[in-house]
Chemist: 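Here's a structure for you.
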Amino acid sequence: MHPWGKWGRNFVEYGVKAARDALADSGVNWRDVQFVSGAATIRNGYPGQVAGATFAQALGWQGAQVNTSYAACASGSQALAAARSKILSGECEVALVIGADTTPKGFLKPQPGDRPDDPDWVRFRLGITNPTYFALYARRRIEMYGDTLEDFAQVKIKNAQHGLSNLNARYRKAFSAADVAASPMVADPLRLMDICATSDGAAAIIVSSLDYARKIGRAKAPRIAAISTVTPSFASALVEMPDIATDSAVAVPAQSFRAALPKKAYEEAGIGPEDVSVAEVYDLSTALELDWIEDLQLCARGDAARLLREGVTRVGGRLPVNPSGGLACFGEAVPAQALAQVCELTWQLRGQAGERQVAHAKVGITANQGLFGHGSSVIVKN
Amino acid sequence: MSAVLAEQPTRVPVLEGWFTLDEQRPHLLGSRCTTCGTYYFPKLKGFCRNPGCNGEGFEEVPLSRTGKLWSFTNAAYQPPEPYVQVDKEAFVPFTIAAVELEKEKMIVLGQVVTGTGVEALRAGLEMELVLEPLADGKLTWKWKVAA
Ligand SMILES: [Zn+2]
């Protein structure tokens with residue numbers, strides 16, 4: 001990884017640093033990498049849109065196959081899925097997957113111009129920003145399950161505690177409930193400290209076939225047991241960014257997209273939620289972490305706040321969630337974050353996570369979601 | 001003549017054809033697949049999105065103008081463009097509602113009328129569609145707690 005923050009440099013620099021770290025960690029020589037799978041970013045012109053080749057050039061052209069994936073926040077998982085498919089099909093043995101980003105200050109916002117046919121333009125025209133959606137989900141939890149603002153603050157406090165020792169995290173500072181309550185309201189009931197920041201950052205992973213891993217003496221490396229990149233199934237029950245309305249469920253019953261994502265991953269891995277020892281989920285907001293815990297079937301619907309209160313989801317508890325510190329400590333670096341989640345699970349499964357180490361971690365799952373129905377859930381196991 | 005015109009507010013919708021301009025009983029304008037009955041907002045042309053439907057014919061339909069409050073929030077910070085705030089110093093936080101339409105079985109977002117804060121809302125409240133201008137004077141649909 002390249003540490004996350006606001007560094008003001010080019011995304012290529014971050015990605016190459018992360019790639020070199022991954023190569024050094026795996027002991028794979030760059031010249032031996034047969035496939036470069038880049039997760040694209042849209043804020044860097046052509047280089048960002050052809051991220052795979054951009055990184056390959058920066059690392060030194062060596063004739064590898066190359067691919068670029070764009071799926072917004074799920075880009076990293078798609079890039080990883082592309083590499084895994086190549087390996088499973090026998091087309092290559094070892095691949096490098098990279099995602100890196102720079103982000104502008106403040107709200108993520110649409111391109112200029114009048115575009116009433118573009119749902120992203122429409123919702124901003126009406127004043128409906130990204131935090132609006134997170135807040136609607138958060139308020140729904142309060143109304144349906146009796147979650148409290150204190151519960152949401154406790155997610156931030158927990159993740160901040162986890163991230164304290166993580167050198168790749170942008171924010172390494174403990175917070176109190178009073179700190180969260182004193183931060184400005186952004187979208188009721190979510191305050192500034194309930195919502196993740198935007199960051200620069202990068203993550204990279206070397207993946208290979210089992211034979212290749214054995215050949216280089218890494219037969220015990222954690223394995224990718226499943227990758228789910230499924231879309232929602234019509235009719236989607238939740239109003240998803242950037243849409244202004246849900247699908248109508250008149251002809252077909254409404255279904256939860258977020259719940260469908262890990263379901264596919266569990267099926268592919270041949271395991272169930274009871275086997276999971278650690279989870280990295282997409283805490284764009286504190287309240288959203290609670291939704292994901294339920295979507296991952298780690299508890300019954302409406303029970304996630306109880307798990308949090310009982311200390312189940314903190315490091316030291318039965319089922320730690322976001323031991324890395326999550327987006328609460330990292331902030332968003334769009335094409336890198338799904339890969340950063342897999343990096344954290346890898347370190348956890350190898351027992352290399354230091355102060356944030358989850359004891360006896362054997363199976364980890366990630367959850368993340370890209371705009372316009374890009375699914376992202378990865379299962380890593382020992 | 002110009003004085004008379006000035007007294008009559010021009011009723012320019014923020015989005016052309018998305019809702020009726022009936023001040024008393026406005027409706028959002030959606031479309032309905034004539035094959036499977038699925039509703040769409042905004043209007044859909046071309047091909048039905050229901051994976052089990054080959055429908056290509058749609059009729060424009062007014063959507064239910066009342067529904068139940070599914071969730072709500074507010075915008076405490078001024079949103080970025082293309083949100084228009086004429087007087088940047090005069091930004092007042094506004095409330096946003098997600099309202100569930102029973103007949104259409106869908107949730108539609110919109111601002112809540114000026115003067116209603118989140119403290120006045122709770123899930124399940126009956127909401128009604130009204131028209132109100134945005135900061136630049138263009139009309140939009142908003143949700144209001146039904147009387
Ligand atoms: Zn249809």
Side-chain angles (χ1 to χ4, degrees), chain A residues 104 106-144 184-192 231 233-240 243-254, chain B residues 14-18 28 30 32-33 35-42 48-53 63 69-85 93-98 100-101 103-111 117-119 121-124 134-135 138 140-141:
Chain A
F107 279 120
L108 295 178
K109 61 184 179 203
Q111 301 297 315
D114 273 5
R115 294 187 313 284
D117 289 336
D118 172 3
D120 207 33
W121 183 89
V122 166
R123 54 124 177 174
F124 275 102
R125 181 69 177 88
L126 300 177
I128 297 175
T129 61
N130 296 13
T132 302
Y133 293 83
F134 314 150
L136 290 172
Y137 306 150
R139 173 60 64 178
R140 183 72 181 166
R141 292 196 64 86
I142 293 173
E143 299 280 318
M144 293 297 289
M185 187 66 82
V186 174
D188 184 283
L190 301 177
R191 294 178 176 276
L192 197 58
T231 69
S233 290
F234 187 89
S236 195
L238 274 186
V239 59
E240 297 277 4
D243 291 328
I244 204 88
T246 57
D247 294 330
S248 149
V250 163
V252 186
Chain B
V14 61
L15 291 155
E16 193 67 52
W18 282 49
L28 294 172
R32 183 176 171 274
C33 172
T35 308
C36 74
T38 297
Y39 292 89
Y40 292 94
F41 182 74
C48 184
R49 290 181 186 160
N50 172 358
C53 176
L63 301 183
L69 188 58
W70 185 83
S71 192
F72 52 94
T73 180
N74 64 10
Y77 280 81
Q78 185 181 304
E81 289 175 357
Y83 181 80
V84 179
Q85 182 67 38
F94 55 89
T95 308
I96 298 165
E100 214 168 358
L101 308 183
K103 186 175 118 197
E104 293 84 359
K105 290 193 175 15
M106 69 198 294
I107 295 169
V108 180
L109 304 188
Q111 287 193 17
V118 288
E119 65 288 343
L121 300 176
R122 62 175 193 282
L134 291 161
K138 292 203 172 163
T140 190
W141 75 87

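As the structure is a prediction and not an experimental result, all values here were calculated from the model.
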Chemist: What part of A:Asp243 is in contact with chain B, defined as an atom under 4.5 angstrom from a non-hydrogen atom: side chain, backbone, both or neither?
Modeler: backbone
Chemist: Could you grab the distance from atom OG1 of A:Thr246 to atom CD of B:Glu100, nearest 0.5 Å is fine?
Modeler: 8.0 Å
Chemist: Can you tell which part of A:Leu190 gets under 4.5 Å to a heavy atom of chain B, answering side chain, backbone, both or neither?
Modeler: neither
Chemist: How close do B:Gly37 and A:Val250 get, counting heavy atoms only, and between which atoms?
Modeler: O-CG1, 3.7 Å
Chemist: Report, as yes or no, whether the 6.0 Å neighbourhood of atom CZ on A:Arg115 holds more than 12 heavy atoms from other residues, nucleotides or ligands.
Modeler: yes
Chemist: Against chain B, label A:Phe134 side chain, backbone, both or neither, depending on which of its atoms sit under 4.5 Å from a heavy atom there.
Modeler: neither
Chemist: Heavy-atom distances under 4.5 Å only: say whether A:Ala254 touches chain B with side chain, backbone, both or neither.
Modeler: neither
Chemist: Over all heavy atoms of both residues, which pair between A:Ala135 and B:Thr73 is shortest? Give the atoms and the distance, please.
Modeler: CB-OG1, 3.1 Å
Chemist: Any chance you could lay out the side-chain contact (heavy atoms from CB on, under 4.5 Å) test for B:Val14 and A:Arg125, step after step, and finish with the verdict?
Modeler: CA-CA 8 Å; B:Val14 61; A:Arg125 181 69 177 88; 3.6 Å; yes
Chemist: Walk me through whether B:Trp18 and A:Val122 qualify under side-chain contact (heavy atoms from CB on, under 4.5 Å).
Modeler: CA-CA 11 Å; B:Trp18 282 49; A:Val122 166; 3.7 Å; yes
Chemist: Counting only non-hydrogen atoms closer than 4.5 Å, does B:Lys103 touch chain A with its backbone (N, CA, C, O), its side chain (CB onward), both, or neither?
Modeler: backbone
Chemist: Set out, in order, the CA-CA distance, both residues' side-chain angles and the distance that settles side-chain contact (heavy atoms from CB on, under 4.5 Å) for A:Leu126 and B:Leu109, then state yes or no.
Modeler: CA-CA 10 Å; A:Leu126 300 177; B:Leu109 304 188; over 6 Å; no
